[in-house]
Participant: 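Pasting a structure here, questions to come.
Proteins get letters first, then strands, A, B, ... in listed order; numbering begins at 1 in each. Worth saying up front: this structure is predicted, and the values here are computed from it rather than measured.
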Amino acid sequence: MIIVRTRKSECLISGRCFAHKTDMASPSPDTTASTVACKMLAWYDRHARELPWRVGPGDLARGIRPDPYRVWLSEIMLQQTTVAAVKDYFAKFTAKWPDVASLAAAHEDDILKAWAGLGYYSRARNLKKCADAVVADHGGTFPTSSAGLLDLPGIGDYTSAAIAAIAFNEPAAVVDGNVERVITRLHAIDTPLPEAKKEIRAITRSLTDPARPGDFAQSMMDLGATLCTPKRPACMHCPLREDCRALSAGDPERFPVRPAKKTKPLRRGAAFVLTNRDGAFLLEKRGDSGLLAGMTQVPTTAWTARQDGTTDTSEAPVANADWMHCGTVGHVFTHFELRLSVYSAEREMRAGENQWWSDPASLGGEALPTVMKKVLALAIESESED
DNA sequence: TAGCCGTGGCA
DNA sequence: TTGCCAAGGCT
């Protein structure tokens with residue numbers, strides 16, 4: 001443990017710093033924790049990112065709290081997703097559904113369409129379930145405690161703590177991937193993840209500023225996103241550089257320690273793009289669970305691990321069609337890589353159950369995951385070359 | 001507990 | 001080009 005002695009002159013926000021509630025003459029682990037929180041808050045007051053779901057600089061000090069709905073929506077979108085990817089979706093969602101009641105009144109299919117491209121589609125389905133629960137069971141307002149939030153669909157340990165801290169000022173320990181990285185470096189924790197999670201949480205709890213828990217949590221996440229990055233961290237600009245054991249050991253990038261990754265298996269299949277004489281595409285809705293649940297696709301074969309590379313049209317949705325081979329689409333999912341052979345044909349037929357014809361103008365509004373956008377783009381491209 | 005669940009940017 | 005991995009949750 002590195003003991004950093006607290007002096008009043010070091011604290012830029014002494015009026016708020018709970019370090020000064022302790023005895024300055026006898027530094028203790030708590031004093032160290034207070035110093036870290038103090039440095040983080042001072043840094044955050046100068047360098048906080050301005051983000052659409054945050055209140056403006058100084059608003060919090062004037063008693064203006066962020067809208068719990070916007071905090072919740074942003075936190076769900078930000079799960080395993082970068083700020084840059086989320087921004088446009090957040091704007092689209094808040095324009096279309098400005099509060100939890102309007103989101104609860106929406107159809108799940110419309111939410112999936114708006115979510116298309118953002119990934120992890122169970123988040124969108126749980127978003128709808130959570131909005132329904134808030135309206136039906138909580139009178140249209142979010143629970144104000146992390147424990148209450150934890151009961152809602154799609155809200156786990158991290159998200160419940162983050163919403164409670166940011167929107168309701170609860171001194172909850174907010175631990176995400178950024179915080180894991182900052183803490184494991186600060187303490188040079190050699191224990192690999194996820195085994196180290198319990199220790200990280202305990203340390204975070206001891207560091208969390210009881211007066212400004214939301215700002216402290218966001219300061220840690222901003223630090224992880226902008227300075228304490230996975231590769232090439234900007235340690236010279238870090239407010240915790242004097243306290244960081246990983247830096248003093250000379251290799252911050254070594255943390256956090258993670259177990260070796262497994263190689264992704266390869267799956268193959270065929271996708272069939274049918275058009276009618278009006279140029280509409282035959283689409284269908286995927287099943288209710290598993291990969292891309294509830295999303296839209298063109299008919300495909302099963303995606304299997306067979307390695308022979310053969311993908312024929314024997315499993316095509318229409319027999320005796322004049323299938324044209326357009327090429328192959330590749331896509332990498334979380335736990336496997338997919339190669340789809342794409343075939344196209346023109347055919348007049350009635351759409352089956354769970355199927356419909358979608359004209360080119362409305363294709364952009366469908367709930368198409370990225371792999372299906374690739375399939376359609378390839379088919380359209382080879383059609384135009386004909 | 002460990003596998004499942006997307007996508008895109010970056011080095 | 002390939003691998004890494006980002007404001008995780010669910011089962």
Participant: If the P atom of C/dG9 is compared with that of B/dG8, how far apart are they to the nearest Å?
Facilitator: 22 Å

Participant: Do A/Arg267's NZ or CZ and the ring of A/Phe336 fall within the cation-pi criteria of under 6.0 Å and 45°?
Facilitator: yes

Participant: Tell me whether the centres of the aromatic rings in A/Phe281 and A/Trp357 are closer together than 6.0 Å.
Facilitator: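 A/Phe281 vs A/Trp357: aromatic centres not under 6.0 Å.
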
Participant: Think A/Arg286 forms a cation-pi with A/Trp303, using NZ or CZ under 6.0 Å from the six-ring centre and within 45 degrees of its axis?
Facilitator: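 So A/Arg286 does make the cation-pi contact.
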
Participant: Which nucleotide of DNA chain B is the first, and which the last, in the 5' to 3' direction, to come under 4.0 Å of a heavy atom belonging to chain A?
Facilitator: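 So the outermost contacting nucleotides come out as B/dG3 to B/dG8.
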
Participant: Taking DNA chain C as the partner, which of residues 83-95 of chain A come within under 4.0 angstrom of it by heavy atom?
Facilitator: none

Participant: Please enumerate all residues that pass salt bridge (Lys or Arg N to Asp or Glu O under 4.0 Å) together with A/Asp151, with sequence neighbours excluded.
Facilitator: none

Participant: With a 4.0 Å cut-off on heavy atoms, is A/Arg286 in touch with a base, just the backbone sugar-phosphate, or nothing at all?
Facilitator: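 It contacts nothing in the nucleic acid.
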
Participant: Need one value for A/Thr334: base, sugar-phosphate or nothing, where a base atom within 4.0 Å counts as base even if backbone is also close, heavy atoms only.
Facilitator: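 Base contact - A/Thr334 has a heavy atom under 4.0 Å of at least one base atom.
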
Participant: Set out, line by line, the N/O atom pairs under 3.5 Å between protein and nucleotides 1-6 of chain C.
Facilitator:
| from | atom 1 | to | atom 2 | distance (Å) |
| --- | --- | --- | --- | --- |
| C/dA6 | OP1 | A/Arg181 | NH1 | 3.3 |

Participant: In a check of ring pair (Phe, Tyr, Trp, His ring centres under 6.0 Å) between A/Phe93 and each of A/Tyr69, A/Trp53, A/Trp115, which one passes?
Facilitator: A/Trp115

Participant: With sequence neighbours left out, write down each residue that passes side chain to side chain contact (heavy atoms under 4.5 Å, CB included) with A/Glu315, or none if nothing qualifies.
Facilitator: A/Thr301

Participant: Before accepting this row, confirm whether a basic side-chain N of the pair A/Arg277/A/Glu346 lies closer than 4.0 Å to the acidic partner's carboxylate O.
Facilitator: no

Participant: Could you tell me whether A/Ile76 contacts a base, only the sugar-phosphate backbone, or nothing, with contacts defined as non-hydrogen atoms closer than 4.0 Å?
Facilitator: nothing

Participant: Tabulated below should be each protein N or O lying under 3.5 Å from an N or O of nucleotides 9-11 of chain C; please produce it.
Facilitator:
| from | atom 1 | to | atom 2 | distance (Å) |
| --- | --- | --- | --- | --- |
| C/dG9 | OP1 | A/Gly156 | N | 2.9 |
| C/dG9 | OP1 | A/Thr159 | N | 2.9 |
| C/dG9 | OP1 | A/Thr159 | OG1 | 2.6 |
| C/dG9 | OP2 | A/Asp157 | N | 3.4 |
| C/dG9 | OP2 | A/Tyr158 | N | 3.2 |
| C/dC10 | OP1 | A/Gly154 | N | 2.7 |

Participant: Please figure out whether A/Lys262 or A/Val332 has its closest DNA chain B nucleotide nearer the 5' end.
Facilitator: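 Final value for this comparison: A/Lys262.
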
Participant: Provide the distance between the two C1' atoms, one in C/dA7 and one in B/dA2, to the nearest whole Å.
Facilitator: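 Approximately 23 Å lies between the C1' atom of C/dA7 and that of B/dA2.
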
Participant: Less than 4.0 angstrom from a charged side-chain N to a carboxylate O is my criterion; do A/Arg54 and A/Asp222 meet it?
Facilitator: yes

Participant: Assign A/Trp53 to base, sugar-phosphate, or nothing according to its heavy-atom contacts below 4.0 angstrom with the strands shown.
Facilitator: base

Participant: Do the ring planes of A/Phe142 and A/Trp72 sit parallel (below 30°), tilted (30 to 60°) or perpendicular (above 60°)?
Facilitator: tilted

Participant: For the residue pair A/Lys374 and A/His331, confirm or rule out a side-chain donor-acceptor distance under 3.5 Å.
Facilitator: yes

Participant: Reckon A/Gly224 touches a base, only the sugar-phosphate, or nothing at all at heavy-atom distances under 4.0 Å?
Facilitator: nothing

Participant: On DNA chain B, nearest-nucleotide positions of A/Pro194 versus A/Val371: which is more 5'?
Facilitator: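 Upstream on the strand: A/Pro194.
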
